There are 2 protein chains.
Amino acid sequence: MGIEDGLWSRSRRAAYAEITQVAMRLFLDQGFAATTIDQIAAAAGISRRSFFRYFGTKEDIVLGDLAVQGELVRDALEAVPLTVPPWDALQEALWKVEGLVGDDETMLKIATMMYETPSLRARSIEKHLQWQRLLVPNVRRRLGSDPTDADDVAADAIVASAIACLDAAGAVWARNGGAADLKELYRRAVESVRS
Amino acid sequence: MGIEDGLWSRSRRAAYAEITQVAMRLFLDQGFAATTIDQIAAAAGISRRSFFRYFGTKEDIVLGDLAVQGELVRDALEAVPLTVPPWDALQEALWKVEGLVGDDETMLKIATMMYETPSLRARSIEKHLQWQRLLVPNVRRRLGSDPTDADDVAADAIVASAIACLDAAGAVWARNGGAADLKELYRRAVESVRS
DNA sequence: TGACCGACTGGCACTCAGTGTCAACGGGGC
DNA sequence: GCCCCGTTGACACTGAGTGCCAGTCGGTCA
């Protein structure tokens, strides 16, 4: 059932790309909130109803990748030896995935739009909470936590803080127009939290 | 212009309390998502339109206080001497406000509802982001950061992590049915992040 | 007491997101 | 050629949230 490249899945992937591209142009052109689903559907040449068969919400066009990236981070984290302490392992896993995203130019536009659109910001954090659920089990093993101890907050706290640092770094990065280096900002963020 | 206790503001406050109470009963009874604005308005004896004059969104009924609490935390933080290091000052400020909230019984019900209702969870995080904007300036002063250095992530990272710890502690607290002590959970969360 | 002002209210109509349903279409296997 | 199955578009519907307007009611001043 793995990678089937029948006509169905191929054209479906093409449709995803097409819709995303068209919608992004509209978002960056006239703003996220001011763009309606009808406009996107019309511009993409599909019906309103079909749009919702590709994306559950308008926000998913922008943030849909975050769900996938979460699984990539988890996989990358699983690949790091359990002897590596949590913070270092998380950093390594995050960088492995962060390297896959597109060019800084469009990244910056998306990030800026995200940080000034409340509903987008909220959804992005919601997605990051899903990351948390994916990453916590591995960090618990890394800490040698008792799997039956429901009161153990350590792993939850560390993962939540790491993501908070990534978020803070991203916010500063976007605020300054992408001038600083994101990795360096994250490194400094973690450093100041832990010192 | 300060605290005017004319008939207008008194009855307005009473209306707030009335609507909140009625709505909470409905939420806890039949779930947040399954409760419509029309039901709340009807139960509170007001029109649909008037409801939106009191609360901007359905989520604000549950989370409205968070905005106010944010300002309280800021004020409490401002009251802590600048010589106290960030983490300690934040903890002190958070506890001062956390002590004001109601009994654990209803708090737990609300927290549980929040953690299993996506839209509520998202909004609550959005509110916590507002806390961040309120608290960061003070923490920057505490760190002796250069006010003109836009690249300085330290304060943002610390505040974001502290709130993340509070959130993680709250999640664990709600997950276990309010068995553990929230303050103790937070203390342990911060400890594991910084060790 | 009566006229007036300003805030609150309810009702109506509207936009927009999101969902359920159903008939029509179109490719792949027999 | 025929059937199965996934996709599509059209229609109708709910529910959140907003703009507008006319009516109401408390407070104020003459």
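Below, chain A is the first sequence line, B the second, and so on; all start at residue 1. None of the values given here were measured: they were computed from a predicted structure.
Distance, Gln39(A) CD to dC16(C) P: 8 Å, rounded to whole Å. The distance from atom CZ of Phe51(B) to atom P of dC8(C) is 17 Å, rounded to the nearest whole Å. Rounded to whole Å, the distance from CG on Asp38(A) to C1' on dT15(C) is 10 Å. For the pair Ile61(B) CD1 and dA16(D) C1', the computed distance is 12 Å after rounding to whole Å. In this structure, CD1 of Ile46(A) is placed 12 Å from P of dA10(D), rounded to the nearest angstrom. Protein atom CZ of Phe52(A) is 17 Å distant from nucleotide atom C1' of dT7(D), rounded to whole Å. Rounded to whole Å, atom P of dA16(D) lies 13 Å from atom CG of Leu120(B). Nucleotide dA16(D) holds its P atom 12 Å from the CZ atom of Arg123(B), rounded to whole Å.
For Lys109(B), the NZ atom is loosely surrounded, since the number of other residues' heavy atoms within 6.0 Å does not exceed 12.
Between Arg188(B) and Glu191(B) there is no salt bridge, since no side-chain nitrogen of the basic residue lies less than 4.0 Å from a carboxylate oxygen of the acidic one.
Side-chain atoms of Arg49(A) and base atoms of dG18(C) include no donor and acceptor less than 3.5 Å apart. With hydrogens and angles ignored, a donor-acceptor pair closer than 3.5 Å exists between the side chain of Arg53(B) and the base of dG10(C).
Taking the nucleotide of DNA chain D with the nearest heavy atom to each of Ala33(B) and Ser47(A), the more 5' of the two is matched to Ser47(A).
When distances are taken from the side chain of Arg48(A) to each of dG9(D), dA17(C), dG17(D), the shortest belongs to dA17(C). The side chain of Ser50(A) sits closest to dG9(D) out of dG9(D), dG10(C), dC16(C).
Under 3.5 Å, the side chains of Glu78(B) and Asn138(B) contain a donor-acceptor pair of N or O atoms.
Residue Tyr54(B) is classed as a sugar-phosphate contact, given heavy-atom separations below 4.0 Å to backbone atoms only. Thr35(B) comes within 4.0 angstrom of the backbone, heavy atoms only, and of no base.
Atoms CH2 and CG, from Trp131(A) and Leu90(A) in turn, are 11.0 Å apart once rounded to the nearest 0.5 Å.
A donor-acceptor contact shorter than 3.5 Å links the side chain of Tyr16(B) to the backbone of Tyr54(B).
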